[in-house]
Amino acid sequence: MAQTEKWIKSFEHFSKKITDEKSFLNELDSAIGDGDHGSNLTRGVAAVNEKLEQQSYDNLSDLFKDIGMVLVSKVGGASGPLYGSAFISMAKKSKESDDISSLLSSGLDGIIKRGKAETGEKTMVDVWAPAVDALKDGTLDQSVIDSALESTIDMKATKGRASYLGDRSIGHIDPGAQSSAYFFESLLEAGVTDE
Amino acid sequence: MAQTEKWIKSFEHFSKKITDEKSFLNELDSAIGDGDHGSNLTRGVAAVNEKLEQQSYDNLSDLFKDIGMVLVSKVGGASGPLYGSAFISMAKKSKESDDISSLLSSGLDGIIKRGKAETGEKTMVDVWAPAVDALKDGTLDQSVIDSALESTIDMKATKGRASYLGDRSIGHIDPGAQSSAYFFESLLEAGVTDE
Amino acid sequence: MSKSFGVLLVSHVERVASGLKQLLDQVASDVTIKTAGGTEDGDVGTSFDLISETLESFEEDNVLCFYDLGSAKMNLDMATEMTEKNVEILNTAFIEGAYTTASLLQADVPLDNIKEQISKLVIKE
Amino acid sequence: MSKSFGVLLVSHVERVASGLKQLLDQVASDVTIKTAGGTEDGDVGTSFDLISETLESFEEDNVLCFYDLGSAKMNLDMATEMTEKNVEILNTAFIEGAYTTASLLQADVPLDNIKEQISKLVIKE
Ligand SMILES: Nc1ncnc2c1ncn2[C@@H]1O[C@H](COP(=O)(O)OP(=O)(O)O)[C@@H](O)[C@H]1O
Ligand SMILES: Nc1ncnc2c1ncn2[C@@H]1O[C@H](COP(=O)(O)OP(=O)(O)O)[C@@H](O)[C@H]1O
Ligand SMILES: [Mg+2]
Ligand SMILES: [Mg+2]
Ligand SMILES: [Mg+2]
Ligand SMILES: [Mg+2]
């Protein structure tokens, strides 16, 4: 299966997880944010799916660019420009490489450039960074994702809405880390990470 | 004529000046504020007049209290609580004294307590303070009022909306100083200041 | 009334106050948030009467108040002097201070900690 | 277009943005002030598309932008990267910074002086 198809497959998995877990993501966001992360991303992935149905892709760059721009346009919360920047950054990178860890590494760069968060600030970066590291080493699996996700529980948020809560942000999973966990699980399930 | 009647007469003069000069006061406020000082006070004095028509007063305290509360309620801008506090403060003072300079001195205290402005900050205080001083010395006349008013032109506002303009507030008459000039002129015209 | 502090938002513009409440309600659904925006005629300005009535209408005895511009503060001060309620006026950035405070009240953070956290948002007075 | 800088107000809530414009219009009637509030569906949030379109709709080449919460900033940043306009995002208290800036633009104060004056209102980033 071509990389493009695998990525589309992966996005389908991601869409389904987001949509199925919309309430759970909203709940996570209610605890330390405004309770809309699930709704935001569900709206976003639905719009991406509509786009993907209308379009066919013969290269990763066009696919990523469309996904990124639709997410930026439709999500409506911080996660829109963040996931959007990840895909737009991957769209650029994919013109010179289709190596999966290079691609996702530049996706992470896009998120960091947009949100200015480092690891340890209780954001999606805390799943993306260890996942990308593991990809580089060829060790990405469910357990890497799970432990990255869980690591956000004890963190104090210093970026995003949860940062307004200071110490009270401790003790909760970060919603963006959870959706990012779904994202990497979907890559594994679709076999994008198999070379 | 009793003091109460003189004060009512004086307020009639003040009302008429404010209402006649509404546009001019708005213009002054447009230059360094939001352009509503004339409209604010016109609304306020109209409401006071309505109140005074319904009511008769045999003591200054009740008169001042009613004027003060109506101004606070109806003016809608900073000048409402400021003039209102002046009258409410005079209402208290008039229970122990009907000396005109003591009364107006406590009116000034009310303004200062409310607005925290000292002289030189380009506010109504810059008319009230010299006028009250002159009253104490028995030297209050039109020229005292005029020069107090003009002194605000070269001041830089450090209180009220005009303070947002910094240096650009220099070169304009303060609208609240202008309405306060009308206030003291009205006292002179109604003979409140004659002992 | 599930928290011991209510929040009062005083703005010169009705829409700003009610819109801000909409933003805060999302993150602080258990905090009583009320608004006094604009004059009684719906013009731009603040109304002592409206502020006073709104203050009195809180079930909570303690009310934290936020305001946009200085003249709102004067009306708030007067209303504060005339009520039995325990009122505190915060001189923070209006939206940012109210947002942070509402979030922290929702999370049951004690007032002293809230004040410390919003102290860096104090930009008035 | 009688000033060389336009002002863009980005809020998560449409009413907050449009209400703030009402407040600023009073003191800055010659300054072009535009708003991008809420999502395109009128929900609480910000919209990259709305921000971009609004930016493009300015006649002015220079636009000063103010925002309420951090996620608005991210959409603003993206829109800024994609436009030809000369955009500056100010990290001040939203209402207070925008109010001061609009007042000073109206009085033709140069940008550097404005920035210096609002520097004490910077509370974000
Ligand atoms: N500056 C940032 N850098 C990285 N991730 C961030 C940042 N701000 C927020 N996030 C992520 O976005 C998630 C919230 O997304 P969402 O609820 O859709 O946006 P909003 O907070 O605007 O409602 C957070 O859980 C966090 O993972
Ligand atoms: N803190 C203050 N202390 C004293 N006077 C003040 C203060 N703030 C404003 N003023 C006076 O109020 C006048 C403006 O009144 P007005 O236009 O009715 O209120 P607003 O500024 O709310 O529109 C100013 O010209 C000034 O004289
Ligand atoms: Mg959210
Ligand atoms: Mg949101
Ligand atoms: Mg005014
Ligand atoms: Mg006004």
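The structure displayed is predicted, hence computed values, not measured ones. Chain letters run A, B, ... following the sequence lines, proteins first and then strands; every chain starts at 1.
The part of D/Val13 that comes within reach of chain C is its side chain, from C-beta onward, which places non-hydrogen atoms under 4.5 angstrom from that chain.
Legend: ring pair (Phe, Tyr, Trp, His ring centres under 6.0 Å) pairs involving residues 74-95 of chain C, not counting sequence neighbours: none detected. Annotation: ring pair (Phe, Tyr, Trp, His ring centres under 6.0 Å) contacts involving residues 32-52 of chain C, sequence neighbours excluded, are absent.
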Donor-acceptor pairs under 3.5 Å, chain D to chain C, main chain and side chains both?
{"residue": "D/Arg15", "atom": "NH1", "partner": "C/Ser18", "partner atom": "OG", "Å": "3.0"}
{"residue": "D/Arg15", "atom": "NH2", "partner": "C/Gln22", "partner atom": "OE1", "Å": "2.7"}
{"residue": "D/Ser18", "atom": "OG", "partner": "C/Arg15", "partner atom": "NH1", "Å": "3.0"}
{"residue": "D/Gln22", "atom": "OE1", "partner": "C/Arg15", "partner atom": "NH2", "Å": "2.7"}
{"residue": "D/Phe94", "atom": "N", "partner": "C/Glu96", "partner atom": "OE2", "Å": "2.7"}
{"residue": "D/Glu96", "atom": "OE2", "partner": "C/Phe94", "partner atom": "N", "Å": "2.7"}
{"residue": "D/Glu96", "atom": "OE2", "partner": "C/Lys124", "partner atom": "NZ", "Å": "2.8"}
{"residue": "D/Lys124", "atom": "NZ", "partner": "C/Glu96", "partner atom": "OE2", "Å": "2.8"}

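For the residue pair C/Leu20 and D/Val16, the shortest heavy atom distance occurs at N-CG2, 3.4 Å.
Looking at D/Ile123 and C/Ile123, their side chains come closer than 4.5 Å, going by heavy atoms from C-beta outward.
In terms of non-hydrogen atom pairs under 4.5 Å with chain D, the most contact-rich of C/Gly38, C/Gly37, C/Ala93 is C/Ala93.
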